[in-house]
*Asks:* 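The structure that follows is given in the form of C-alpha cells.
Just so you know, these numbers use all the heavy atoms, side chains as well, and skip hydrogens, waters and symmetry mates. Here the structure is a predicted model, which means the values were calculated and not measured. One-based numbering, in listed order, for ligands and for the atoms of each.
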Amino acid sequence: MAITVVGSVAYDSVETPAGKYDRRLAGAATYFSLAASYFTDVRVIAVVGDDFGPDQEAVFEAHGIDTRGIERAPGKTFFWQGSYLESLNEAKTHRTDLNVFAGFQPKIPEAYRDSEFLFLANIDPVLQRRVREAMPGVRLVAGDTMNYWIKDHRAALLEMLKGLDILLINDTETRMLAGTNNPVKAARAVLTMGPKTLVVKHGEYGATAFFAQDAANASQRGPIRAFRAPALPLDEVVDPTGAGDSFAGGFFGYLASQREITPAAFRHAMFYGGVMGSFAVERFGTERLQGLSRREIDDRFLLFRELTHLE
Ligand code: AMP
C-alpha cells in the first residue's frame, strides 16, 4: 500500500562530536521517505527552492520515491542548522529558515489520491492539517512534530492532532505537549488530544507505544498496558539527525506493507522503526539510508530480536 508523506525537504548544516557538514539534503520528509522506501511505495508532498537540483532529485528517484508532489518555488529551500555537542539524544537548533515553506499551499497530485496511508512528517501543523483534510479517504494517518511547533504554534498543533491515528514524538516533546513530567501521565494526557496510539521515541533507549483504549481505563488497578521496543546498542552514533524520521519511516513503511494491521504487525513495525533509526545514525546525514539493502535490514531485525528474546 502506498504512503503519501508531507513534511520538510531541507538543507541541513549539522555538527556532532564526530564531525560536521554544511547544507546537505535532509528534512523530515526526506529521511522518512528513504527509510519507508525499503518497504513500500512512497509519494512526497513538499516544496523546494531554486537551489534544489538534479543531484537532490536523483536521491529520491534512486529509491523509486514519487516526487510529483514536490513543488518548485522561487526562493530558497528550507534550511535547518543544529548541533548535538551536549547530548546525542537532543538537537540544539541554531537556525530555522522556513524559506519557500512559509507561503506553501500543498497541492495533492491526482496520482496520490489512492494512497491508503498518510504520514504528516514534521512541518507547520497548519500544512499538516490541510493535507490531512484533502485526503479524507486514507485508512491510517500518523504524524510527528517537534518542540518548535509545540511551543509557539500550540493551537494549530492541537487541531492537527485531532486528525491523527498515531502520533510519534520523543520524550521531551511528550512532556512539553502534556505539561507533565511523569511519562505515563504525559502519555495519558496526549492520548486525550486525538491520537489513538502514541509512540514515544526514547533515542538510544528505544520506543514505547501507548494505546488510548488502555489509557482511558484510569480506574484500572496496576500499570498501564504498553509495548516497548529496543534500540540497538551502538559503538558510535555519528549523526543522530533524522533518527526519529527514519524510525517513523521504518515503522509506517512496514505497517503499510502488511495486508492487515494486527497487534503482531504493529509490534514488528516498532522493531523495524528501531532498525531504520539505528542505520540512520551510523553515518552523516542520509548517507547510510541511501545505500541499504533489504537483506541488511532483515539481518538487523534479527539482532533486535536477539536483544530482547528470552529463549
Ligand atoms: P529528527 O528525526 O527529529 O532528527 O529530524 C531531523 C530533520 O528535521 C532535519 O533534517 C531538519 O531539516 C528537519 N527539521 C528541523 N526543524 C524543523 C522544523 N521546524 N520543521 C520541519 N522540519 C524541521
*Asks:* Heavy-atom contact under 4.0 Å between F101 and ligand 1?
*Replies:*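 Judged by the 4.0 Å heavy-atom criterion, F101 does not count as contacting ligand 1.
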*Asks:* Give the numbers and elements of all ligand 1 atoms closer than 4.0 Å to a heavy atom of G244.
*Replies:*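 Listed by number with element: 2 (O).
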*Asks:* At a 4.0 Å cut-off, with the gap strictly under it, does some heavy atom of F78 reach an atom of ligand 1?
*Replies:*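 Under 4.0 Å: yes for F78.
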*Asks:* For ligand 1, which atoms sit closer than 4.0 Å to a heavy atom of Y148?
*Replies:*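 By the 4.0 Å cutoff, the relevant atoms are 19 (N).
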*Asks:* Evaluate whether atom NZ of K107 has more than 12 neighbouring non-hydrogen atoms of other residues, nucleotides or ligands under 6.0 angstrom away.
*Replies:*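 Yes, because the 6.0 Å sphere around NZ of K107 holds more than 12 heavy atoms from other groups.
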*Asks:* How far is atom 4 (O) of ligand 1 from its nearest protein heavy atom, and which residue and atom name does that atom have?
*Replies:*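 The answer is G242 N, 2.7 Å.
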*Asks:* Quick one: CD1 on I169 to CG on L177, what's the gap to the nearest 0.5 Å?
*Replies:*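 Between I169 CD1 and L177 CG, I get 5.0 Å after rounding to 0.5 Å.
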*Asks:* Can you give me the closest heavy-atom contact between F79 and N99, atom names plus distance?
*Replies:*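 Minimum heavy-atom contact is N-ND2, 4.0 Å.
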*Asks:* Can you check which of D245, D124, L25, T145 brings a heavy atom nearest to atom 5 (O) of ligand 1?
*Replies:*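 Residue with the shortest heavy-atom distance to the ligand atom: D245.
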*Asks:* Between A10 and ligand 1, does any nitrogen or oxygen pair lie at a separation below 3.5 Å?
*Replies:*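 It does not: no N or O of A10 is found under 3.5 Å from an N or O of ligand 1.
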*Asks:* With ring centroids as reference points, do Y254 and F266 lie under 6.0 angstrom apart?
*Replies:*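 Centroid separation for Y254 and F266: 6.0 Å or greater.
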*Asks:* Is the shortest N/O to N/O distance between D12 and ligand 1 below 3.5 Å?
*Replies:*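 Checking ligand 1 against D12, an N or O pair does fall under 3.5 Å apart.
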*Asks:* Answer yes if the ring centres of F101 and F104 are under 6.0 angstrom apart, and no otherwise.
*Replies:*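 Ring-ring flag for F101/F104: true, centres closer than 6.0 Å.
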*Asks:* I need the atoms of ligand 1 closer than 4.0 Å to a non-hydrogen atom of G27, numbered in the order shown.
*Replies:*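 So the answer, numbered in order with elements, is 10 (O), 12 (O).
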*Asks:* Can you confirm whether more than 12 heavy atoms, excluding those of Y148, are under 6.0 Å from its OH atom?
*Replies:*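 Yes, OH of Y148 has more than 12 neighbouring heavy atoms, counting only those of other groups under 6.0 Å.
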*Asks:* Does NZ or CZ of R68 fall inside the cone over Y112's six-membered ring, less than 6.0 Å from its centre and within 45° of the axis?
*Replies:*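 Not satisfied by the 6.0 Å and 45° rule.
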*Asks:* Give a yes or no on whether the ring-centroid distance for Y11 and F78 is below 6.0 angstrom.
*Replies:*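 No, they do not, as the ring centres are separated by 6.0 Å or more.
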*Asks:* Is it true that D165 and K196 have a side-chain N and a carboxylate O under 4.0 angstrom from each other?
*Replies:*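 Salt bridge flag = yes for K196 with D165.
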*Asks:* Cation-pi check, R294 to Y272: give yes when NZ or CZ is under 6.0 Å from the six-membered ring centre and within 45° of the ring axis, no otherwise.
*Replies:*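 Yes, a cation-pi geometry.
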*Asks:* Between A243 and ligand 1, which part of the residue brings a heavy atom under 4.0 Å of the ligand: side chain, backbone, both or neither?
*Replies:*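 It is the backbone that gets close, since no side chain atom is under 4.0 Å.
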*Asks:* Any nitrogen or oxygen of A26 lying under 3.5 Å from a nitrogen or oxygen in ligand 1? Just yes or no.
*Replies:*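 Such a contact does not occur with ligand 1.
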*Asks:* In the protein, what heavy atom is nearest to atom 8 (O) of ligand 1, and what distance, to one decimal place, separates them?
*Replies:*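 Result for atom 8 (O) of ligand 1: A28 N, 4.0 Å.
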*Asks:* Output the list of atoms in ligand 1 that are nearer than 4.0 Å to some heavy atom of M146, sorted by atom number.
*Replies:*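 Near M146, meaning under 4.0 Å from one of its heavy atoms, ligand 1 has 16 (N), 17 (C), 18 (C), 19 (N).
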*Asks:* I need the atoms of ligand 1 closer than 4.0 Å to a non-hydrogen atom of W149, numbered in the order shown.
*Replies:*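 What qualifies from ligand 1 is 18 (C), 19 (N), 20 (N).
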*Asks:* Starting from atom 22 (N) of ligand 1, which protein heavy atom do you reach first, and at what distance in Å?
*Replies:*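 Here the nearest protein heavy atom works out to S8 OG, 2.8 Å.
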*Asks:* Return the residue, atom name and 0.1 Å-rounded distance of the protein heavy atom closest to atom 21 (C) of ligand 1.
*Replies:*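 Protein heavy atom at minimum distance: N122 O, 3.1 Å.
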